[in-house]
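A quick write-up on the structure given underneath.
For clarity, every value in this text was computed on a predicted model and none was experimentally measured. As the structure lists them, so they are numbered: ligands from 1, and atoms in each ligand from 1.
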Amino acid sequence: MLDTATAATFLRPERLLQTQPSAIEILREDTLLSASLWINVALAGLAILLFVYMGRQVETPRSRLIWVATLLVPLVSIASYSALLSGLTIGTLEMPAGHALAGEEVFSPWGRYLTWTFSTPMILLALGLLAGTDTAKLFTAITMDVGMCVTGLAAALTTQSYLLRWAFFGISSAFFLVVLYVLLAEWPDDAARAGTADIFGTLKLLTVVLWLGYPILWALGTEGLALLDVTITSWGYSGLDILAKYVFAFLLLRWVADNEDVVASPPDGATVSGGAPADD
Ligand code: RET
């Protein structure tokens with residue numbers, strides 16, 4: 001039972017009205033944090049215009065498919081960052097016991113992890129088509145990647161147990177290993193047969209190095225060990241996104257636009273055949 005004095009302290013009107021700042025309030029008050037999101041809206045917008053322009057003369061079916069997949073990367077990105085900025089896909093989560101910020105309401109941009117489910121398969125589709133891979137390998141890379149993103153989202157949203165957060169991190173990393181295996185051990189040979197080894201090698205390196213940055217940032221950032229604060233974590237993801245999406249997509253599209261003939265004649269067994277230019 002509460003004694004009268006304690007009850008009076010707990011029930012003071014100003015105490016009852018004291019609320020934690022909502023996610024959108026945190027975002028509005030932290031200019032540096034919101035700048036990390038706005039920069040991606042701006043760059044995704046520019047990338048969309050540039051990629052539409054760069055792909056205007058791409059004609060063969062395979063090159064067009066690569067082009068559409070590549071274009072979808074900034075399209076998903078602009079939707080993702082707009083949703084984060086509007087407050088639709090951000091929230092605050094109370095971290096479980098064991099977490100460095102246990103008991104505190106922590107800013108969570110969970111929409112990031114959700115939208116990776118749509119953007120990263122586009123990156124892999126474009127890379128797989130460039131390598132002239134077969135349907136089974138493409139399917140493997142994309143489904144494992146979706147598994148990685150969905151379990152990564154689960155890791156970020158889990159609040160009942162610290163251990164469970166890391167368990168989901170482990171499951172997501174296991175999916176990621178399969179994606180890395182396909183990228184490093186399967187597709188380079190396919191690309192060599194397709195005559196795209198050079199550009200594939202560059203893009204593979206860029207992808208592997210940058211994608212490894214995401215789980216490292218998750219582990220060091222607010223979601224994991226909380227060694228980095230919310231703003232630095234957010235800038236980290238935004239920086240990785242700029243390189244892994246727009247720079248990557250630009251290099252890919254520039255090469256495809258200049259080498260349509262190579263992309264148009266894939267080796268036997270490739271997932272989408274070359275075919276004649278579409279009638280239009
Ligand atoms: C998480 C945490 C759990 C473990 C692993 C992760 C990997 C994420 C990756 C994200 C790549 C995102 C890209 C987005 C571009 O739009 C979910 C951070 C392994 C690799 C390239």
Let me check something: any side-chain donor-acceptor pairs from residues 65-74 under 3.5 Å, sequence neighbours excluded? List them with distances.
from: W67; atom 1: NE1; to: F51; atom 2: O; distance (Å): 2.9
from: T70; atom 1: OG1; to: I66; atom 2: O; distance (Å): 2.5

* Asked: Is any side-chain heavy atom of L153 closer than 4.5 Å to a side-chain heavy atom of F168?
  -> no

* To do: Any side-chain hydrogen bond (donor to acceptor under 3.5 Å, both in side chains) involving residues 181-197? Give me the pairs, sequence neighbours left out, ordered by first then second residue.
  => T133-W187, T133-D190, K137-E186, K137-D190, Y181-E186, D190-R193

* List the steps, then state whether side chain to side chain donor-acceptor pair (under 3.5 Å) holds for Y237 with N40. => CA-CA 10 Å; Y237 283 130; N40 264 280; over 6 Å; no

* Asked: What pairs of residues pass the ring pair (Phe, Tyr, Trp, His ring centres under 6.0 Å) test when at least one of them lies in residues 138-160, not counting sequence neighbours?
  -> none

* Asked: Is the NZ or CZ atom of R165 both under 6.0 Å from the centre of the six-membered ring of Y162 and within 45° of that ring's axis?
  -> no

Just the distances, no angles: every ligand 1 N or O to protein N or O pair closer than 3.5 Å, one line each.
from: ligand 1; atom 1: 16 (O); to: S119; atom 2: OG; distance (Å): 2.8
from: ligand 1; atom 1: 16 (O); to: K245; atom 2: NZ; distance (Å): 3.3

